[in-house]
Amino acid sequence: MSARSRLTDVQVAAVARYHFGLSPTVPELPQSGDWEDAQGVLVGRPGERGPTVVEIPRWQSPGTVAQRLAERGWAVPTAWVGRPPTDVAELPAQVLALLPVAGAPADTATISTTAAAWARVRATGRAVEIVPVPVTAAQPEVGWAELAEAYGATLLGSRVDPEPARTGGGVLFFTGLSGAGKSTIAARVVELLLEAGRSVTLLDGDEVRHHLSAGLGFSQADRDTNVRRIGWVAAQIAKHGGIAVCAPIAPYAAVRADVRHEVEAQAGRGGFVLVHVATPLAECEARDRKGLYAKARAGEIPAFTGISDPYEAPTDAEVTIDTTGKDVDACARLVLDAVLAGPLQAPAPSP
Ligand code: ADP
């Protein structure tokens, strides 16, 4: 068996576009070995004149869709691209709903909220066929009319939002040195959000390490795994409209950036709020609430953040707080004021 290169979902979608005749552009792909998708399904292999495709998992070809609709007696179907129109009276009795979803994880909020909106159209008595298509909403390579035509339909209209839909949920992600005040402020913020009637889940750094990340240590790889796990759980909460408050140290910028990206894909832009609890090392060490700094200085704890392991201070924090000389309540209010009026405002119900 020859070696396989793994393609990203974005690359698989590009192969699908090319293979389905939706785009003339030959995708740029690894030139060695066969290609598999993220689930390990064999997609194809490089050929002398463009890719040789074996299977395009999860995407239905335009021909298959057109044939299915013809068999159902839909003469020349009418297609609508993206979210349904605000006024569904514009829609005919039968609609082919084409959802451009390439490049987004299969379960992002945009896709599920759009599919739910089409399900509500079905409830008005119309026949709706929902077909996800391997085209990106932000930078479509094909015009919507050509896209509809490829699926044997004529275009009635489109309503495409290049941004992921906001769910009203979000993630408040605290980062900072040990003893900076992350847990203390996060706990107070959670209380205040609960008082405001929001659904909140606290993923505290120390608690996560006892449960979700039990067994992980403090090597860079283990720290990264810990933060990624917290980020994944938080993104799921935000996707369903909840607020996750996380308080790990999260010393590395690259992993924080990955978590931001994952959360925004699930909950929409603005759904991730980074709070840097920027209490200086000297103050954290003077507090030394858990006696950890003394041990780290004595060499009893290897790779201790701020002493013998780096802390990459964020340059992209939405909120930065130095807790020195402030009380906890004031700090918690600073965080809430920054987010409640903006990113984590409850969303208006979508039509
Ligand atoms: P971390 O979660 O960042 O490791 P903790 O919240 O566990 O930090 O500990 C922070 C310590 O600093 C607590 O003992 C807390 O009482 C104290 N502290 C003093 N002032 C503040 C403040 N303004 N905000 C948060 N904590 C503060």
Side-chain angles (χ1 to χ4, degrees), residues 171-195 200-214 216-220 222-231 233-234 243-253 255-256 259-260 272-298 300-340:
V171 175
L172 273 175
F173 192 99
F174 288 78
T175 172
L177 298 170
S178 174
K182 301 179 297 297
S183 300
T184 310
I185 302 171
R188 184 70 189 121
V189 164
V190 166
E191 281 173 12
L192 294 171
L193 285 168
L194 288 171
E195 281 171 20
V200 193
T201 308
L202 177 63
L203 298 167
D204 180 65
D206 291 338
E207 272 195 42
V208 165
R209 280 188 167 276
H210 276 109
H211 300 283
L212 185 66
S213 289
L216 292 181
F218 290 86
S219 65
Q220 179 163 1
D222 278 6
R223 285 175 187 269
D224 285 357
T225 302
N226 175 50
V227 174
R228 282 183 207 286
R229 285 182 188 171
I230 293 172
V233 174
I243 297 177
V245 178
C246 316
I249 294 174
Y252 302 116
V255 181
R256 291 192 305 255
V259 171
R260 178 189 289 276
F272 182 85
V273 179
L274 186 64
V275 181
H276 180 200
V277 185
T279 312
L281 175 65
E283 171 71 15
C284 298
E285 193 164 0
R287 290 178 187 167
D288 207 9
R289 197 167 71 99
K290 303 169 203 161
L292 296 174
Y293 283 95
K295 283 192 187 163
R297 289 285 184 202
E300 289 165 33
I301 307 177
F304 192 80
T305 302
I307 306 291
S308 45
D309 210 58
Y311 177 76
E312 297 172 4
T315 53
D316 59 342
E318 275 75 13
V319 185
T320 302
I321 313 172
D322 177 352
T323 63
T324 315
K326 296 200 181 73
D327 73 29
V328 177
D329 232 49
C331 296
R333 294 252 166 231
L334 271 177
V335 175
L336 276 192
D337 289 349
V339 299
L340 269 189

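Just follow the structure's listing: the first ligand is 1, and inside any ligand the first atom is 1. Numbers for residues simply follow the sequence, beginning at 1.
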Could you find the nearest protein heavy atom to [atom] and give me its residue, atom name and distance?
| atom | value |
| --- | --- |
| atom 8 (O) of ligand 1 | Gly181 N, 3.1 Å |
| atom 23 (N) of ligand 1 | Lys326 O, 2.8 Å |
| atom 15 (C) of ligand 1 | Thr184 OG1, 3.9 Å |
| atom 7 (O) of ligand 1 | Arg289 NH2, 2.6 Å |
| atom 20 (N) of ligand 1 | Arg287 NH2, 3.6 Å |
| atom 22 (C) of ligand 1 | Thr323 CB, 3.5 Å |
| atom 4 (O) of ligand 1 | Gly179 N, 2.7 Å |

Test of ring centre spacing under 6.0 Å for Phe218 and Phe304: no
Heavy-atom protein neighbour under 4.0 angstrom from atom 26 (N) of ligand 1: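 It does: a protein heavy atom is found less than 4.0 Å away from atom 26 (N) of ligand 1.
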Lys/Arg N to Asp/Glu carboxylate O, Asp206 vs Lys290, below 4.0 Å: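 Yes, this pair counts.
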NZ/NE/NH1/NH2 to OD/OE distance under 4.0 Å, Arg256 and Glu312: no
Please examine the side chains of [Y] and [X], heavy atoms only from C-beta on, and report whether any two atoms are closer than 4.5 Å.
| X | Y | result |
| --- | --- | --- |
| Asp322 | Glu283 | no |
| Lys182 | Ile249 | yes |
| Phe174 | Val335 | yes |

Proximity to ligand 1 by part of [X], non-hydrogen separation under 4.0 Å:
| X | value |
| --- | --- |
| Ile249 | neither |
| Cys331 | side chain |
| Asp206 | neither |

Residue pair Thr323 / Arg287, side-chain donor-acceptor N/O under 3.5 Å: yes
Tyr293 side chain to Ser178 side chain, donor-acceptor N/O pair below 3.5 angstrom: no
At a 4.0 Å threshold, what atoms of ligand 1 neighbour a non-hydrogen atom of [X]?
| X | answer |
| --- | --- |
| Ser178 | 4 (O) |
| Asp327 | 23 (N) |
| Lys290 | 4 (O), 7 (O) |
| Leu177 | 3 (O) |

Over 12 non-hydrogen atoms of neighbours within 6.0 angstrom of NZ in Lys295: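 Incorrect, the count does not exceed 12.
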Shortest non-hydrogen separation from Val277 to Ala180 and the atoms involved: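 In this case the closest contact between Val277 and Ala180 is CG1-O, 3.3 Å.
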